[in-house]
Amino acid sequence: MNEQEFLHNINNCRGIINKLVSLYATDYEERRDYTQEIIYQTWKSIGSYKGNAKFSTWLYRLALNTLIVLSRNKYVVSSVENLTDYEKPYSTSPHNDAEVLYMAIKMLESTEKAIITMHLDGYANDEIADYLGISTNNLTVKLHRVKEKIKKICTNGLN
Amino acid sequence: MDLTDAWKNINFEPSAPETDWSKISENSKTPLSKMKKSVSYNLYWGIVITLIYPVLLVYIDEWIIKIGVVLVLLASVMLIRATYKLYKQINPVINPGNNLINELNYQCTIIKRWIALQQKIGLLTYPISITFGFLLGGISSSNLTVFEFLNKPIVLISLLGAIVILTPLCYLLVRWMLNVSFKKELLGLENLIHSVTSEK
C-alpha cells in the first residue's frame, strides 16, 4: 500500500478512529495524541496487513490495541461529576439514552470499554474472545458484568 | 434502555481534532515503544563501554590483568548481542492479526528474560571487574608487579573486602536502573494482562 492509498484508507476510517478515541480520551490534547498514535502505529504496521480482512476491521483492532495499552493505567471515574468538561460532549445532564450510554461507557475500565464497544458494533462473542485471547465463556461472563455495570451507572452514577 | 439503539444514536464526531500530519512523529507513547527506547539506550552505552576494553588491552602490560579485561569484554559482547536481539524482537505495534494477550505476554516475557540475564551476567562479571580494577589501580600506583602487590596480606584483605562490598552494591545499582527503565511499564502491562484474563 503506497502513501496515497494509506491516506485514502485512513480518511475513510476516520469515523472508527474518532469513535474509539472519544471513548478513551479524557481531554482534547489526549484525543489528538491518541488519534496521532493510532495513525502512526497503522503506518508502521501497514506491512502486516495482508488484505485478508477489510482494512476497516484490521484498523479497528489495531486502534483498540493501541488505546487499551495507552490507557492501561488510567483512573476510572466513579461519577459523571468527575468527568472533565471535555468528556461531556452533550451537556452535564444527558437528555437521552445515547448520551447516558456514552457517558456510562466513558466511566468503564479500559478492557471493559473494548468489550462493550466491540459487542455494540456487532462483533460476536467468539470474535471478541479471540481478539482478546480469552475463552468465550470468560468473555460472556465479562460482557454480562459490563452490561450490569452500565445499567448500574445509568441508574445511579449519572445522578 | 436498549443498548444497541442507544449506541447507534451516539454522535462521536463533535470536537474531533484535526489530524496534524506534521506532528505524527516517531515519538510513540506506548509502553512497548518506551521500553524499546530504553533498550536502545542500554545498547548504545553497552557498545560505548565495551569499546573501551580493547583500548585498555593495548595499554596494559600485565598479562594477568589482560585476562580479566578479556573476560569482561566477552561478557559485555554477550550482553550486547542479547540486547540487540531484544531490540529487534520488541514490536511496539501490537499486531492486530494476533490476539492481544498472546502479544502482550510474549513482549513481557522476552523483556523479563533479558532483565534476568543482565542481572545474572552482572553477578558473574562484577567480582572479576572489581578484582582486576583493584589490581590495575594497585600496580599503577605502587609500581609493583601483580604478584608482588598481592604478597601483602593487607592487599588481599582489602581486595576481599572490595569484592564483598562492591558486588552487591553493583548488583543493586543495576537492578535499580533496570527498575527505573522498565518496571513501571512492565507492571502496567502485567496488570492489563491480569485484568483481561482474570475470571473474577
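Atom set for the values below is all heavy atoms of this structure, side chains included, hydrogens, waters and symmetry mates excluded. Residue numbering restarts at 1 for every chain, and letters A, B, ... go by the order of the sequence lines.
The same ILVMFWY cluster, assembled from side-chain heavy atoms under 4.5 Å apart, contains both Leu56(B) and Leu74(B). Two different hydrophobic clusters hold Val77(B) and Ile47(B) under the rule that ILVMFWY side chains link at heavy-atom gaps under 4.5 Å. In the hydrophobic cluster analysis, where Ile, Leu, Val, Met, Phe, Trp and Tyr join through side-chain heavy atoms closer than 4.5 angstrom, Ile80(B) is grouped apart from Ile52(B). Clustering ILVMFWY residues whenever any of their side-chain heavy atoms sit less than 4.5 angstrom apart, transitively, puts Leu117(B) in a cluster other than the one holding Leu71(B). Linking ILVMFWY residues whenever their side-chain heavy atoms come closer than 4.5 Å, directly or via other members, leaves Tyr44(B) and Ile90(B) in distinct clusters.
Of the atoms belonging to Leu59(A), not a single heavy atom falls under 4.5 Å from chain B. Of the atoms belonging to Leu62(A), heavy atoms from both backbone and side chain fall under 4.5 Å from chain B. For a residue to count as touching a neighbouring chain, one of its non-hydrogen atoms must lie under 4.5 Å from one of that chain's; by this rule Leu104(B) touches chain A with the side chain only. Using a 4.5 Å cut-off between heavy atoms, Thr117(A) contacts chain B through both its backbone and its side chain. Contacts of Asn98(B) with chain A are made by backbone atoms alone, with heavy-atom separations under 4.5 Å and no side-chain atom involved. For Asn52(A), no part lies under 4.5 angstrom from a heavy atom of chain B. Of the two parts of Ile17(A), neither the backbone nor the side chain holds a non-hydrogen atom closer than 4.5 Å to a non-hydrogen atom of chain B. At a 4.5 Å heavy-atom cutoff, Leu139(A) makes no contact with chain B through either its backbone or its side chain. Neither the backbone nor the side chain of Asn102(B) has a heavy atom closer than 4.5 Å to any heavy atom of chain A. Both the backbone and the side chain of Gln41(A) have a heavy atom closer than 4.5 Å to some heavy atom of chain B.
Heavy-atom contacts from other residues, nucleotides or ligands closer than 6.0 Å to CD of Glu148(A) number more than 12. Atom OH of Tyr87(B) sits in a sparse spot, with 12 or fewer heavy atoms from other residues, nucleotides or ligands closer than 6.0 Å. Around the OH atom of Tyr53(B), the shell of radius 6.0 Å holds more than 12 heavy atoms that belong to other residues, nucleotides or ligands. Heavy-atom contacts from other residues, nucleotides or ligands closer than 6.0 Å to CG of Asp2(B) number more than 12.
Between Asn138(A) and Thr197(B), the shortest heavy-atom distance links the atoms ND2-O, 3.2 Å. Looking at every heavy atom in both residues, Ala6(B) comes nearest to Ala98(A) through O-CB, 3.4 Å. Annotation for Lys142(A) and Val196(B): closest pair CE-O, 2.8 Å, computed over non-hydrogen atoms. Nearest approach of Thr111(A) to Ser195(B), heavy atoms of both residues: OG1-OG, 3.8 Å.
With hydrogens and angles disregarded, a donor-acceptor distance shorter than 3.5 Å links the side chain of Asn65(A) to the backbone of Ile94(B). With Lys29(B) contributing its side chain and Tyr34(A) its backbone, the two residues share no donor-acceptor pair below 3.5 Å.
Chain A forms more heavy-atom pairs under 4.5 Å with one residue of Leu192(B), Asn95(B), Asn105(B) than with any other, namely Leu192(B). Contact count against chain A (heavy-atom pairs under 4.5 Å) is highest for Leu3(B) among Thr4(B), Asn91(B), Leu3(B). The most heavy-atom pairs under 4.5 Å with chain B, out of Asp130(A), Asp121(A), Ile105(A), come from Asp121(A).
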With side chain to side chain contact (heavy atoms under 4.5 Å, CB included) as the criterion, how do Val69(A) and Leu32(B) come out once you've worked through the C-alpha distance, each side chain's angles and the decisive distance to 0.1 Å? CA-CA 9 Å; Val69(A) 170; Leu32(B) 288 167; 5.8 Å; no
Take Ile116(A) and Trp7(B) through the side chain to side chain contact (heavy atoms under 4.5 Å, CB included) test and state the conclusion after the steps. CA-CA 10 Å; Ile116(A) 195 68; Trp7(B) 178 252; over 6 Å; no
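We find the CG-OG1 distance between Leu67(A) and Thr30(B) to be 11.5 Å, quoted to the nearest 0.5 Å. Between the CD atom of Glu37(A) and the OG atom of Ser33(B) there is a distance of 6.0 Å, given to the nearest 0.5 Å.
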